[in-house]
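Below is one structure, written out as structure tokens; the observations come after it.
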Amino acid sequence: MGESAAMDLIKQIDEIYSSKGKSVRHMRVNTTTVDRDEVRSMLLGPTGNLRAPTVRVGRTLLVGFDAATYEKTLKL
């Protein structure tokens, strides 16, 4: 998924959890002014495409992998 499609996806979700290494960033996109550059850094990898893995759970988007975030969001 390229940048344009990824940015369109933002209109359909309420929050993003983005994991890179041991860092997890959270953004509520339905209550804050969305900074496109910040969203891009959370969603896109160095190729300009959506980072993998990406999982959509209802209106929540999980980008990257963090076991604790997956457990909490997926209620495992």
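In this structure, CE on Met7 lies 7.0 Å from CG on Leu43, to the nearest 0.5 angstrom. Once rounded to the nearest 0.5 Å, the distance linking OG of Ser41 with CZ of Arg36 reads 12.5 Å. Within the model, atoms CD1 of Ile10 and CE of Met27 stand 8.0 Å from one another, a figure rounded to the nearest 0.5 Å.
Side-chain atoms of Arg59 come within 3.5 Å of backbone atoms of Gln12 as a donor-acceptor pair (strictly under, hydrogens ignored).
For the pair Met42 and Tyr17, the minimum side-chain heavy-atom distance is 4.5 Å or more. Counting heavy atoms from C-beta on, the side chains of Pro53 and Phe65 come closer than 4.5 Å.
Screening Val55, Asp14, Val29, Ile13 for a side chain to side chain contact (heavy atoms under 4.5 Å, CB included) involving Leu61 leaves a single residue, Ile13. Paired with Leu62 under the rule side chain to side chain contact (heavy atoms under 4.5 Å, CB included), one option of Thr73, Ile16, Val24, Thr54 passes, and it is Thr73.
When all heavy atoms of Leu44 and Ala6 are compared, the pair lying nearest together is CD2-CB, 4.0 Å.
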- Item | Evaluation steps, side-chain contact (heavy atoms from CB on, under 4.5 Å), between Asn49 and Met1 | CA-CA 6 Å; Asn49 292 319; Met1 180 180 288; over 6 Å; no

- Mind running side chain to side chain donor-acceptor pair (under 3.5 Å) on Ser18 and Arg51 for me, showing each step along the way? CA-CA 9 Å; Ser18 178; Arg51 293 179 39 232; 3.1 Å; yes

